[in-house]
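In what follows, a single structure is set out as structure tokens and then discussed.
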Amino acid sequence: MKVIKSVFFILSILFIGISIYIAVQPHHFKVSRTRTINAPAPVIYNNVIDFKNWKSWSSWAETNPNIDINLSQPSKGIASTYRWKDKHGFGTMTTLQTTAYSTINQLMTYEGFPPSSVHWQFHPNSDGSTKTTWTIQGKDLPFKFKAFALIAGGMEQQIGPHYERSLEKLDSIVTARMQAYTITIKDQTEHSGGFYIYTTVSCKIADMPKQLQSMRSELQTYALNHDLETTRNTFNYYHKWDDTKGTVTVSYCIPTQDKLNIQDSKTILSGKLPSFKALKTTLKGNYKYLKKAWDTSITYCETNALKIDTSGPMLEVYKNDATKLANPADWHTDLYIALQ
């Protein structure tokens with residue numbers, strides 16, 4: 001009997017000691033992880049703000065492929081929710097507040113535990129990458145929560161590795177999607193032509209990007225200062241391309257509704273492009289794939305016995321403004337090769 005009482009006494013002391021130890025643990029927790037991702041802040045933000053993307057990079061979903069996930073409709077923006085159920089219980093993530101391309105504030109609730117605040121921050125770096133920080137924190141933690149955290153090794157140990165792995169997967173997914181592109185050939189079509197203003201340069205092929213940037217700035221400034229009614233679809237008009245000499249003659253052009261009589265500029269001119277039969281190719285993706293799109297188009301002509309009109313237009317038409325689209329995968333360019 002004395003032995004039983006001694007054991008009971010020792011166990012009671014241990015229980016009281018452990019209870020006291022748990023009770024004096026911090027009433028709050030904070031876990032944060034940061035990763036620099038080689039992508040613009042808007043691209044990362046647009047992925048994170050939409051819950052439909054979470055399963056693809058969530059470490060919890062990776063380790064538990066049978067997790068049951070339900071999304072609100074719409075799945076992004078204020079009040080959108082991400083609900084999940086697994087063998088441990090039921091949880092909800094709700095988006096409360098956002099600052100476009102900069103921050104996301106969310107609330108996480110999990111069955112039987114107090115709510116936790118979740119914060120995302122996207123800080124753009126000068127090299128085009130983004131410092132991405134993901135933080136979760138809770139306060140006023142009850143005894144049961146602190147006991148669970150202690151048994152599980154602490155919130156840092158429970159959440160930190162998942163955050164690290166999730167950010168690693170987010171990095172690889174975002175950067176891979178930025179490299180995505182498609183080249184689609186429409187075959188023969190008719191380009192309607194039209195009026196345009198332009199400026200032309202002959203230069204080394206290697207110098208062309210810098211020259212085009214300068215020409216684009218000059219022409220767009222002129223159009224703005226003269227309140228010109230311009231249409232969409234600015235384009236490059238390639239007059240001559242010589243790989244042997246490494247030279248190119250190209251015009252940067254802005255379409256206009258009518259023919260303009262330009263008298264106050266020596267470098268900016270007005271012209272009219274006649275309608276012409278052409279092979280049309282569409283590139284959706286980074287401009288670095290333009291050469292591949294051109295090579296694909298020319299090969300298609302050769303393979304399908306389409307005769308290129310070497311004196312006709314070769315156009316590179318920009319269907320959207322890349323400066324307003326952070327993800328190169330969204331850039332849309334149409335190529336036209338004049339056919340006989």
Side-chain angles (χ1 to χ4, degrees), residues 30-65 67-86 90-110 115-138 159-181 284-286 320-332:
K30 180 179 180 180
V31 179
S32 186
R33 291 294 186 271
T34 296
R35 185 179 182 91
T36 297
I37 299 177
N38 191 26
V43 175
I44 308 170
Y45 172 92
N46 286 336
N47 187 297
V48 174
I49 194 62
D50 194 339
F51 284 128
K52 72 180 181 183
N53 299 316
W54 281 44
K55 188 175 182 180
S56 64
W57 48 259
S58 167
S59 173
W60 284 277
E62 180 183 42
T63 56
N64 183 11
I67 189 171
D68 183 19
I69 297 174
N70 289 287
L71 308 180
S72 63
Q73 293 299 327
S75 59
K76 63 180 178 180
I78 304 299
S80 60
T81 57
Y82 176 100
R83 296 183 176 89
W84 74 94
K85 184 177 181 180
D86 57 21
F90 177 86
T92 302
M93 186 79 71
T94 304
T95 299
L96 303 179
Q97 186 180 26
T98 67
T99 302
Y101 313 138
S102 179
T103 61
I104 301 173
N105 291 322
Q106 298 169 323
L107 183 71
M108 189 192 80
T109 59
Y110 194 71
S116 301
S117 61
V118 176
H119 179 71
W120 290 84
Q121 185 167 19
F122 311 95
H123 179 75
N125 299 317
S126 59
D127 62 357
S129 64
T130 302
K131 180 181 177 183
T132 304
T133 301
W134 191 11
T135 303
I136 184 171
Q137 55 187 335
I159 298 176
H162 279 291
Y163 269 26
E164 291 172 10
R165 175 57 179 161
S166 296
L167 288 173
E168 178 186 11
K169 292 188 68 180
L170 176 64
D171 186 344
S172 63
I173 288 171
V174 166
T175 52
R177 287 180 180 174
M178 287 179 62
Q179 300 303 316
Y181 73 97
K284 289 187 177 179
N286 198 308
N320 49 26
D321 187 349
T323 63
K324 297 179 181 179
L325 297 170
N327 192 343
D330 296 327
W331 299 353
H332 181 167

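None of the values given here were measured: they were computed from a predicted structure.
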Side chain to side chain contact (heavy atoms under 4.5 Å, CB included) between Val118 and Leu107, worked out: CA-CA 6 Å; Val118 176; Leu107 183 71; over 6 Å; no
Flag side-chain contact, heavy atom, 4.5 Å: Ile173 against Arg177: yes
Aromatic ring pairing Trp60/Tyr163, orientation class (parallel under 30°, perpendicular over 60°, tilted between): perpendicular
Parallel, tilted or perpendicular, as decided by the 30° and 60° cut-offs, for the rings of Trp54 and Trp120: perpendicular
Shortest non-hydrogen contact between Ile136 and Met108, atoms and distance: CD1-CE, 3.9 Å
Inter-residue atom distance Ile44.CD1 - Tyr101.OH, 0.5 Å rounding: 13.0 Å
Ser72 side-chain N/O to Pro74 backbone N/O, donor-acceptor pair under 3.5 Å: yes
Nearest heavy-atom neighbours spanning Ile49 and Asn46: CG2-O, 3.5 Å
Value rounded to 0.5 Å, distance of OG1 in Thr63 from CZ in Arg165: 10.0 Å
Shortest non-hydrogen contact from Pro42 toward Ala326: CB-CB, 3.7 Å
Asn47 versus Trp57, side-chain donor and acceptor atoms under 3.5 Å: yes
Asp68 side, atom CG; Asp86 side, atom CG - distance, nearest 0.5 Å: 9.5 Å
Any donor-acceptor N or O pair under 3.5 Å, side chains Asn38, Ser129: no
Trace of the side chain to side chain donor-acceptor pair (under 3.5 Å) decision for Asn105 with His119: CA-CA 5 Å; Asn105 291 322; His119 179 71; 2.5 Å; yes
Under 3.5 Å donor-acceptor, Ser58 side chain and Ala61 backbone: yes
Test side chain to side chain contact (heavy atoms under 4.5 Å, CB included) applied to Phe51 and Ser80, step by step: CA-CA 8 Å; Phe51 284 128; Ser80 60; 3.4 Å; yes
Test item: Ser32 side-chain N/O and Thr135 main-chain N/O as donor-acceptor pair under 3.5 Å: no
Met178 side chain reached by Val43 side chain, heavy atoms, under 4.5 Å: yes
Derivation of the side chain to side chain contact (heavy atoms under 4.5 Å, CB included) call for Tyr82 and Thr92: CA-CA 6 Å; Tyr82 176 100; Thr92 302; over 6 Å; no
Flag side-chain contact, heavy atom, 4.5 Å: Thr132 against Gln121: no
Nearest-0.5 Å distance, CH2 of residue Trp134 to CG of residue Leu167: 6.5 Å
Residue pair Asp50 / Ser75: nearest heavy atoms and the distance that separates them: OD1-OG, 2.5 Å
Shortest non-hydrogen contact between Asn320 and Trp331, atoms and distance: OD1-CA, 3.7 Å
Contact summary for Leu71 and Lys52, nearest pair of heavy atoms: CD1-CA, 3.4 Å
Test: Arg35 and Glu168 ion pair at under 4.0 Å: no
Sub-6.0 Å ring centroid separation between Trp84 and Phe90: no
Spacing of Leu170 atom CG and Ser56 atom OG [to the nearest 0.5 Å]: 8.0 Å
Approximate separation, where rounding is to 0.5 Å, of Met93 CE and Ser116 OG: 9.0 Å
Residues Ile104, Val48; criterion side chain to side chain contact (heavy atoms under 4.5 Å, CB included); working and verdict: CA-CA 9 Å; Ile104 301 173; Val48 174; 3.8 Å; yes
Ser166 vs Ser59, side chain to side chain donor-acceptor pair (under 3.5 Å): CA-CA, chis, key distance, verdict: CA-CA 5 Å; Ser166 296; Ser59 173; 4.6 Å; no
Side-chain H-bond candidate by donor/acceptor type, Gln106 with Thr95, under 3.5 Å: yes
Side-chain donor or acceptor of Asn125 paired with backbone N/O of Asp127 under 3.5 Å: no
